[in-house]
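Written below as structure tokens is the structure these notes are about.
This is a predicted model, so every value here is computed, not measured.
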Amino acid sequence: MILTMINTHKAYKALQDAGVADRQAEVMVEIFADMQQENALTKFDLSQATESLIRAQSATNNRLDALEGRLDQFQNEVKLQFHGVNQRFEVLEKSIDGRFDEVDKKFARIDEKFEKIDEKFAKIDEKFEKIDERFNQQEIKINALDQRMQIGFTELKQDNIWIRRVLLTIATALIAMTTKYLLNS
């Protein structure tokens, strides 16, 4: 309060020196002093504010501790659930691996059957190749026979023409002889 009085006295003197009337300077200093006192904090105000802050900080710390506890509990629950899920996945993985092993065995058996079928087809292909060779040989023989027959037919036709000519000549000679014999008898 003494500090406020000294400041008001200085302000009053400064206003008087500036040429402000005594009464006006006094009123102005009172207004400024009142404003300063309204805005001024006391030790009591500061201690109450500090206690309020400490209580708020304590409440915040308590809530943070509670949240940390709940977070720890949540993390433990999540770990347990993940552990359960991991176990389920391990069981499923073993089951799936077993099924894949069975499928692999079946495919191995199918592959063996296909290999046997491939071997049979290879043997059939060999037989067909032999049959094709025989057919080619028979075709060559048939073509040769066909050519010989063509030649034979051509020769037979020519022989037939010659035989007809010879027969015709013989028949003509016989007719001529028979006519001569009949005419001479």
Between the side chain of Thr172 and the main-chain N/O of Leu168, is any donor-acceptor distance below 3.5 Å?
yes
Indicate, with yes or no, if Leu156 and Ile163 share a hydrophobic cluster defined by side-chain heavy-atom contacts under 4.5 Å among Ile, Leu, Val, Met, Phe, Trp and Tyr.
no
Would you check if the side chain of Ser52 reaches a backbone N or O of Gln48 as a donor-acceptor pair within less than 3.5 Å?
no
How about Met177 and Tyr181: do any of their side-chain heavy atoms sit closer than 4.5 Å?
no
What's the spacing between Leu67 CG and Asn62 CG if we round to 0.5 Å?
11.0 Å
Examine Phe100 and Leu92 and state if one hydrophobic cluster contains both, with Ile, Leu, Val, Met, Phe, Trp and Tyr joined whenever side-chain heavy atoms are less than 4.5 Å apart.
no
Between His83 and the options Gln81, Gln87, Lys79, the side chain to side chain contact (heavy atoms under 4.5 Å, CB included) test singles out Gln87
Measure the CD1-CZ distance between Ile96 and Phe89 for me, rounded to the nearest 0.5 Å.
9.5 Å
Starting at CZ of Arg148, measure out to CG of Asp146 and round the result to the nearest 0.5 Å.
11.5 Å
With no hydrogens and no angle check, is any side-chain donor or acceptor of Thr178 less than 3.5 Å from a backbone partner on Leu174?
yes
Check whether Asn136 reaches the backbone of Asp132 with its side chain - one donor and one acceptor, N or O, closer than 3.5 Å.
yes
Any Gln75 side-chain heavy atom under 4.5 Å of Val78 side chain
no
Determine, for Arg23 against Glu26, whether the closest basic-nitrogen to carboxylate-oxygen distance falls under 4.0 angstrom.
yes
Out of curiosity, Gln138 CD to Ile140 CD1, how far, rounded to the nearest 0.5 Å?
10.0 Å
To the nearest 0.5 angstrom, please state how far the CZ atom of Phe114 sits from the CG atom of Asp118.
8.0 Å
To the nearest 0.5 Å, how far apart are CG in Leu53 and CD in Glu51?
10.5 Å
